[in-house]
Amino acid sequence: MIDDADDGHVLPCHDQSHQMWRSHIRGARMQGLDRLAPPVQDRVLGAVRECAADLATIRDRTVILRGIVRRTRALLGTHMSYLSLNDLTAGDTYIHITDGVETEAYRNIRMPLGTGVLGSVAAGGTAVQTADYLADPAMNHLGDIDEIVRNEGVKAILGAPIRVGGRVVGALLVAHRTATVFGETAIAALIDMAAQAAVAFEQTRLAAEIARLSREHAATESETQARQDELEAMLRLDDRLMGGLLSTAGLPGVVDVLAEAIGAPVSIYDPTGFVLAGSPILDGERLRAADVRAAVDASHHGRSAAALHIDGAPLLIVAVAAGPEHLATIMTVDAPARRSLVERASVYVSTLLLFERTLVDADNRAQSALVEDIVRLDGVPDQSMRSRLNEYGIRPETRSLVLVCAVPATQQHRALLALRDQFAQQAAVVSVHSGHLCVIAADDTRTPVVTLRERVLDRLAVRSIDALIGVARATDAAHLRQAHGDALAVSDALAALGHDTGIADEVELGLAGMLVGGSNAGRVGALVDRFLEPLLEYDRAHGSRLCETAWTYLEHGGRAAPVAAALHVHVNTVRQRAERIDAILGEGWRVPPASVDVHFALRLWRLRAAP
């Protein structure tokens with residue numbers, strides 16, 4: 001049975017590939033389906049923040065969980081909601097807290113793992129729903145449970161797992177007394193609330209661990225003074241770190257507490273080496289050295305501190321993890337008395353980082369929903385959308401800047417945080433949307449692309465994030481959809497041109513760049529080779545610059561004097577190079593129609609080198 005001392009760290013569910021039984025499709029076509037309004041994203045975010053406030057001020061887990069269950073029911077507009085805990089010894093899950101349940105039998109349901117919605121969620125670790133439970137043949141029914149459900153009058157049920165330490169320890173569910181299909185927005189909201197329940201379990205586990213240490217300390221009268229001192233130090237640290245966890249100080253507050261407790265500077269880095277809190281002990285380049293990475297890996301896999309000497313100085317490294325995921329690295333000066341304290345602090349850092357992630361994810365859902373509505377907008381925005389844009393400081397009647405940022409999926413969360421930092425002082429919506437990151441920002445100053453390149457790419461590079469960013473502008477909110485499409489096309493074109501990182505707009509890429517947006521890098525490379533390979537091969541073999549000469553020649557309409565000035569060579573040199581290009585490509589490269597193809601290929605060649 002799950003108890004307060006269950007070992008593990010919170011691992012919120014971010015997987016939105018929710019399991020949908022095939023029978024639910026039939027349920028969606030049933031007559032008399034209740035059409036619940038999807039939860040408004042602002043209300044979802046508000047509910048998550050209210051739960052966060054409870055977590056910061058209330059120590060009683062049951063009180064916190066009751067608040068989560070109550071808010072979940074109100075948020076989704078269902079007749080009832082409830083939370084279950086898994087009993088692995090008995091092989092079932094039992095309802096622990098309810099809101100809106102009318103019968104005592106339903107409140108006391110114990111469901112074998114893998115049966116019904118409740119047992120399936122608690123065992124399978126994915127969201128599950130049914131539009132009409134008793135009529136759903138895909139459910140693994142039990143006669144006595146079906147009778148309890150019938151007496152309660154329940155039809156539709158939706159459940160999401162609660163994960164702690166990578167394990168499913170229970171489930172959060174809502175139920176309705178009329179046949180209903182829950183949409184993706186409702187499922188996402190339930191997952192957000194289940195993540196808050198997971199944080200409540202973790203905080204209770206930490207409190208139980210502190211109590212265990214207190215009991216151990218009380219029983220160590222016969223132990224050595226050193227052991228008593230160690231336990232006292234850990235208890236003091238636990239008490240202060242728990243206070244920091246429940247405060248608004250965040251990660252810097254935890255670093256300050258730990259640094260004071262061990263009497264040494266402390267740094268916390270993300271997995272890429274970016275400083276999250278504290279003063280950097282090592283720079284980014286040194287952090288990426290093989291010996292440091294080996295020490296971090298050893299700490300991560302060994303679940304303990306690792307020691308390392310750098311330039312004669314002893315360092316202590318502790319990898320902060322949640323299950324298999326490496327979240328951060330704590331670094332300080334090594335000393336035997338510090339190891340247990342830093343390892344202890346890593347638990348609080350893990351909890352804090354994952355708690356902050358749940359808030360970011362919930363906030364992102366609200367902003368992502370707004371972006372989704374914007375890209376679907378056809379015409380002038382209605383008053384509701386205008387109000388939502390105004391909430392983020394974006395005036396619908398003024399110019400806006402739109403960025404579409406393509407980053408690897410593994411870097412999206414870090415990139416989201418980096419972009420929010422970048423646009424923190426500017427009215428902006430920043431969200432993950434359809435596999436990429438999207439920024440919609442006020443553009444009163446009409447920021448040049450070159451300035452954006454310096455600011456945005458530098459901010460991402462510090463966190464070792466590679467991004468392909470398309471930029472477009474909208475004169476007002478009615479043109480945001482078009483601007484988003486233009487920015488997405490630029491981002492796709494940069495990828496087709498073979499770039500790993502870069503930022504550009506349609507003007508920079510020109511017609512040639514935009515026309516290859518639907519291609520891939522291999523296809524673009526083949527086009528360049530088709531028209532320029534003999535010239536490229538000659539330049540490689542002789543160290544010459546005939547491709548550059550051909551480009552400049554066509555850019556200036558074949559006029560020798562401007563070409564010579566641009567290349568900083570004599571006019572006769574231009575003529576000699578042009579004749580050499582004649583011999584390699586054929587004389588037709590200078591005049592249409594061949595010159596059009598060669599000029600297009602040269603444009604792509606240059607864009608592949610630098611957007």
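Under the 4.5 Å side-chain criterion, counting only non-hydrogen atoms from C-beta, Val439 is not in contact with Val402. Between Leu172 and Ile68 there is a side-chain heavy-atom pair separated by less than 4.5 Å. Side-chain contact between Val342 and Thr332: present, with at least one pair of heavy atoms (C-beta onward) separated by less than 4.5 Å. Residues Cys438 and His484 are in side-chain contact: their nearest non-hydrogen atoms beyond the backbone lie under 4.5 Å apart. Side-chain contact check for Ile394 versus Val429: some heavy-atom pair is nearer than 4.5 Å. For the pair Val275 and Ile268, the minimum side-chain heavy-atom distance is 4.5 Å or more. In this structure the side chain of Leu315 never reaches within 4.5 angstrom of the side chain of Asp334, judged on heavy atoms. Taking 4.5 Å as the limit, some side-chain heavy atom of Asp270 sits within range of a side-chain heavy atom of Arg414.
Listed here is the closest heavy atom pair of Ala328 and Leu353: CB-CD1, 3.7 Å. Residues Ala487 and Ala472 come closest through the heavy atom pair N-CB, 3.8 Å. Shortest non-hydrogen contact noted between Ser304 and Ser299 is O-OG, 2.7 Å. Between His436 and Cys405, the closest heavy-atom pair is CB-O, 3.4 Å. In plain terms, the two heavy atoms of Val296 and Ala319 that are nearest each other are O-CB, 3.8 Å. Across all non-hydrogen atoms, the minimal contact from Pro161 to Ala127 is CD-N, 4.0 Å.
In this structure, Thr501 OG1 and Ile469 CD1 are separated by 7.0 Å, a value rounded to the nearest 0.5 Å. The structure places CG of Leu403 at 10.0 Å from CD1 of Ile440, a figure rounded to the nearest 0.5 Å. Within the model, atoms CG of Leu389 and OG of Ser400 stand 7.5 Å from one another, a figure rounded to the nearest 0.5 Å. Rounded to the nearest 0.5 angstrom, Phe182 CZ and Leu190 CG are separated by 8.5 Å. To the nearest 0.5 Å, atoms CD1 (Ile191) and OG1 (Thr126) are separated by 7.5 Å. A distance of 8.0 Å separates CD1 in Ile317 from CG in Asp291, rounded to the nearest 0.5 Å.
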Check your understanding: Going through the distances and angles, do Arg459 and Val456 end up as a side chain to side chain contact (heavy atoms under 4.5 Å, CB included)?
Key -> CA-CA 5 Å; Arg459 174 81 67 165; Val456 177; 5.7 Å; no

Practice item. Might you work through the side chain to side chain contact (heavy atoms under 4.5 Å, CB included) test for Leu83 and Ile162, ending with a clear yes or no? Key: CA-CA 9 Å; Leu83 181 147; Ile162 300 172; 3.7 Å; yes

Practice item. Run the numbers on Ile281 and Val333 for side chain to side chain contact (heavy atoms under 4.5 Å, CB included), then give the verdict. Key: CA-CA 9 Å; Ile281 293 175; Val333 179; 5.5 Å; no

**Study point:** Worked check of side chain to side chain contact (heavy atoms under 4.5 Å, CB included) between Leu158 and Leu173
**Key:** CA-CA 6 Å; Leu158 168 66; Leu173 299 94; over 6 Å; no

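Among residues two or more places apart in sequence or in another chain, the side chain to side chain contact (heavy atoms under 4.5 Å, CB included) test is passed with Ala189 by Pro39, Val44, Leu75, Leu76. Looking at residues two or more places apart in sequence or on another chain, you find a side chain to side chain donor-acceptor pair (under 3.5 Å) between Glu372 and Arg376, His433. For Ser387, the side chain to side chain donor-acceptor pair (under 3.5 Å) partners two or more places apart in sequence, or in a different chain, are Gln383. Taking the side chain to side chain donor-acceptor pair (under 3.5 Å) definition, one finds that Asp466 meets it with nothing, sequence neighbours left out. A search for side chain to side chain contact (heavy atoms under 4.5 Å, CB included) contacts involving Ala474 returns His479, Leu480, Ala483, not counting sequence neighbours.
Counting only residues at least two apart or in different chains, salt bridge (charged side-chain N to carboxylate O under 4.0 Å, His left out) contacts with residues 420-437 comprise Asp363-Arg420, Asp421-Arg463.
Between Arg395 and Asp476 no salt bridge is recorded (no basic side-chain N to carboxylate O distance below 4.0 Å).
Using a distance-only test at 3.5 Å, with no hydrogens or angles considered, no donor-acceptor pair links the side chain of Ser267 to the main chain of Met331. In this structure a side-chain-to-backbone donor-acceptor pair under 3.5 Å is present from Gln412 to Gly435. Panel note: side chain Tyr269, backbone Ala277; no donor-acceptor pair is recorded below 3.5 Å. When atom types are taken as modelled, the side chain of Gln411 and the backbone of Ile465 share no donor-acceptor pair closer than 3.5 angstrom.
When the shell of 6.0 Å around CG of Asp458 is examined, it contains more than 12 heavy atoms from other residues, nucleotides or ligands.
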